K.L.:
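If you scroll down you'll find the structure; I have some questions about it.
Residue numbering restarts at 1 for every chain, and letters A, B, ... go by the order of the sequence lines. Not measured: the values here are computed from a predicted model.
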There are 2 protein chains.
Amino acid sequence: MASVVAKTSRRQPKTRLRGARGARDAREPRVRLDVDERRAQLVELGLTHFGERAYDDVSIDAIADAAGISKGLLYHYFPTKRAYYAATVKEAASRLVASTDTDDSAPPLERLHAGLDAYLGYVKAHAKAYATLMRSGVGVDPEIARIVDETRATFIDRLTSGFGQGLMPALDSPIARLALRGWVGFAEAASLGWVESIAEGLPAPSQREVRELLASTLMEIVRSTAASLLPSTPT
Amino acid sequence: MASVVAKTSRRQPKTRLRGARGARDAREPRVRLDVDERRAQLVELGLTHFGERAYDDVSIDAIADAAGISKGLLYHYFPTKRAYYAATVKEAASRLVASTDTDDSAPPLERLHAGLDAYLGYVKAHAKAYATLMRSGVGVDPEIARIVDETRATFIDRLTSGFGQGLMPALDSPIARLALRGWVGFAEAASLGWVESIAEGLPAPSQREVRELLASTLMEIVRSTAASLLPSTPT
DNA sequence: ACCGTCTATTGACTGACGTTCAATAGCCCC
DNA sequence: GGGGCTATTGAACGTCAGTCAATAGACGGT
């Protein structure tokens with residue numbers, strides 16, 4: 001114990017640069033929260049921070065500071081930064097999925113339109129975060145990739161279910177699944193381009209036009225794929 | 001491996017852990033290269049390293065070690081790690097563009113097929129690197145995003161040029177540009193899904209099938225977009 | 001051969017950041 | 001009011017991106 005570390009002298013008091021940003025301002029009374037509350041708070045902070053800056057540009061210190069807690073506590077809830085990021089992405093994905101849920105008693109085409117409209121509305125409402133996540137989301141970690149891929153699969157299931165029951169078997173072939181996955185890429189790229197055009201003040205199509213573009217493209221893909229696989233089916 | 005680093009009297013001779021990986025093996029004669037050679041070597045190393053691991057998992061030390069040079073020298077050629085990464089991505093993009101160039105005297109449809117086949121061939125040949133770059137490429141830096149976006153624009157130009165001259169004006173509307181950008185997303189997502197299916201040993205379509213999927217989808221998008229913008233044009 | 005210049009190259013240094021862990025402080029229950 | 005549970009702290013560590021003054025090796029001039 002007595003072996004004072006003293007190395008040289010480095011490790012100064014760090015000048016305490018916590019601005020008025022964090023919660024613990026004056027006397028810093030230790031705030032004790034319930035596990036779920038704290039976790040929810042941290043995920044919420046993750047959503048805003050990772051939605052504004054890229055992964056590398058968000059430091060654990062910044063998060064802890066904004067939450068008014070120590071860095072160590074964050075590691076009590078998430079084992080690594082990547083796991084924390086994964087939890088954030090997971091939350092964003094589940095909110096997206098939830099907010100684009102549609103009435104499954106409605107006719108398929110109506111559901112498709114409603115779902116796409118909800119999607120585009122969500123994208124527009126969270127434009128910056130959507131763009132940031134889409135441009136830097138995956139790739140940080142296989143776990144993140146898994147979450148994103150599962151979310152995409154959820155959308156594909158939702159959009160194609162009830163959608164021409166007779167076509168379902170055909171939509172399970174390798175080429176059809178590739179086509180559907182491609183369409184998701186289409187939708188994401190188009191949505192991203194759309195909100196970026198808006199953000200930059202460029203002339204951009206209306207939401208209705210974009211929705212029609214996505215819907216008609218999907219239907220065309222489904223139609224032509226099914227036709228090529230079931231040539232006996234009447235067009 | 002032997003990562004023990006003398007905590008007390010720090011700054012020992014560093015135990016010289018350079019394995020047989022780097023060039024400078026035995027007596028480490030300082031190798032002096034021409035600026036262009038050195039730069040080319042480093043970019044080449046970047047292609048292999050960033051093609052195998054994600055950005056964060058590639059350290060400057062690892063690159064320098066593999067090149068048999070000091071870290072400082074790498075910073076003599078590239079101001080930051082991101083700039084180094086950008087140079088690597090730029091090289092990869094320009095190789096992709098170069099290897100998918102087509103004979104512009106051939107008829108448009110033939111050019112389209114040839115271009116897509118070249119693209120898919122490139123993707124298949126560099127499957128791992130393509131997947132890694134696509135999943136983690138953008139988002140690290142706005143500069144990277146610019147490079148990728150410019151490369152996409154190059155492809156769009158190439159694919160649509162000479163392709164139904166009468167349609168060109170219509171293909172310049174906001175909705176049409178969005179549709180084309182969407183198609184690029186379609187192509188990338190489908191290509192990625194394709195090589196991943198192959199890599200995982202899953203049943204995957206043939207390259208011809210994928211090429212047909214991409215081509216027919218593009219033509220359908222062009223056709224329907226042009227039709228909706230120029231309703232007077234005969235189909 | 002010697003010397004001077006030029007520059008590719010080095011390697012030790014720094015600050016920042018992710019991560020760990022033993023110690024601490026607030027809360028609840030007996 | 002005391003004891004146990006656990007949320008919370010804060011300092012320390014190893015790693016890594018980025019900096020910089022010093023060096024070495026080639027080349028040209030004399």
K.L.:
In whole Å, what is the span from the CG atom of A:D34 to the C1' atom of D:dC5?
P.N.:
14 Å
K.L.:
Strictly under 3.5 Å: I want the nitrogen or oxygen pairs between protein and nucleotides 21-23 of chain D, one per line.
P.N.:
| residue | atom | partner | partner atom | Å |
| --- | --- | --- | --- | --- |
| D:dT23 | O2 | B:R30 | NH1 | 3.4 |

K.L.:
When A:D141 is tested against each of A:K90, A:R146, A:R82 for salt bridge (Lys or Arg N to Asp or Glu O under 4.0 Å), which residue passes?
P.N.:
A:R82
K.L.:
Run the numbers on B:I69 and B:L42 for side-chain contact (heavy atoms from CB on, under 4.5 Å), then give the verdict.
P.N.:
CA-CA 10 Å; B:I69 63 170; B:L42 292 176; 3.9 Å; yes
K.L.:
Let's go through B:D103 and B:R111 carefully: what are the C-alpha distance in whole Å and the side-chain angles of both, what is the deciding distance for salt bridge (charged side-chain N to carboxylate O under 4.0 Å, His left out) to 0.1 Å, and is it a yes or a no?
P.N.:
CA-CA 7 Å; B:D103 174 16; B:R111 282 188 69 194; over 6 Å; no
K.L.:
Please report, rounded to the nearest Å, how far the P atom of D:dA24 is from the CD1 atom of B:I69.
P.N.:
18 Å
K.L.:
Rounding to an integer number of Å, can you tell me how far B:Y85 OH sits from D:dG18 P?
P.N.:
15 Å
K.L.:
Return the angle between end axes of the helix from C:dA1-D:dT30 to C:dC30-D:dG1, with five pairs used per end and rounding to 10°.
P.N.:
10°
K.L.:
Partners of A:D36 by side chain to side chain contact (heavy atoms under 4.5 Å, CB included), sequence neighbours excluded?
P.N.:
A:D34
K.L.:
With sequence neighbours left out, which residue pairs that include part of residues 60-80 of chain A fulfil the ring pair (Phe, Tyr, Trp, His ring centres under 6.0 Å) condition?
P.N.:
A:F78-A:Y84
K.L.:
Minimum heavy-atom separation for A:D172 and A:R177, please, with both atom names.
P.N.:
O-NE, 3.4 Å
K.L.:
For the side chain of A:I60, counting heavy atoms from C-beta on, which of D:dA17, C:dG11, C:dG18 is nearest?
P.N.:
C:dG18
K.L.:
According to side-chain hydrogen bond (donor to acceptor under 3.5 Å, both in side chains), who are the partners of A:D117, at least two apart in sequence or on a separate chain?
P.N.:
A:Q207, A:R211
K.L.:
What parts of residues 71-82 of chain A reach DNA chain D, counting only heavy atoms under 4.0 Å away?
P.N.:
A:G72, A:L73, A:H76, A:Y77
K.L.:
List for me each residue that meets salt bridge (Lys or Arg N to Asp or Glu O under 4.0 Å) alongside B:E196, sequence neighbours excluded, and say none if there are none.
P.N.:
A:R181, B:R135
K.L.:
Using salt bridge (Lys or Arg N to Asp or Glu O under 4.0 Å) as the criterion, list what pairs up with A:E209, not counting sequence neighbours.
P.N.:
none
K.L.:
Starting at CG of B:D57 and ending at C1' of D:dA17, how long is that distance when rounded to a whole Å?
P.N.:
15 Å
K.L.:
Using a cut-off of strictly less than 4.0 Å between a heavy atom of the residue and any atom of DNA chain C, enumerate the qualifying residues of residues 37-44 of chain B by number.
P.N.:
B:R38
K.L.:
Give every residue pair that meets the ring pair (Phe, Tyr, Trp, His ring centres under 6.0 Å) criterion with at least one member in residues 115-150 of chain A, sequence neighbours excluded.
P.N.:
A:Y119-A:F155, A:Y122-A:H126
K.L.:
My understanding is that only residues two or more places apart in sequence, or in another chain, count here; which of them pass salt bridge (Lys or Arg N to Asp or Glu O under 4.0 Å) with B:E52?
P.N.:
none
K.L.:
Checking B:A83 now: which residues fulfil side chain to side chain contact (heavy atoms under 4.5 Å, CB included) with it, not counting sequence neighbours?
P.N.:
B:P79, B:T80
K.L.:
Where do A:E44 and A:R95 land on the salt bridge (charged side-chain N to carboxylate O under 4.0 Å, His left out) test, with the steps shown first?
P.N.:
CA-CA 12 Å; A:E44 197 65 42; A:R95 287 189 191 185; 2.8 Å; yes
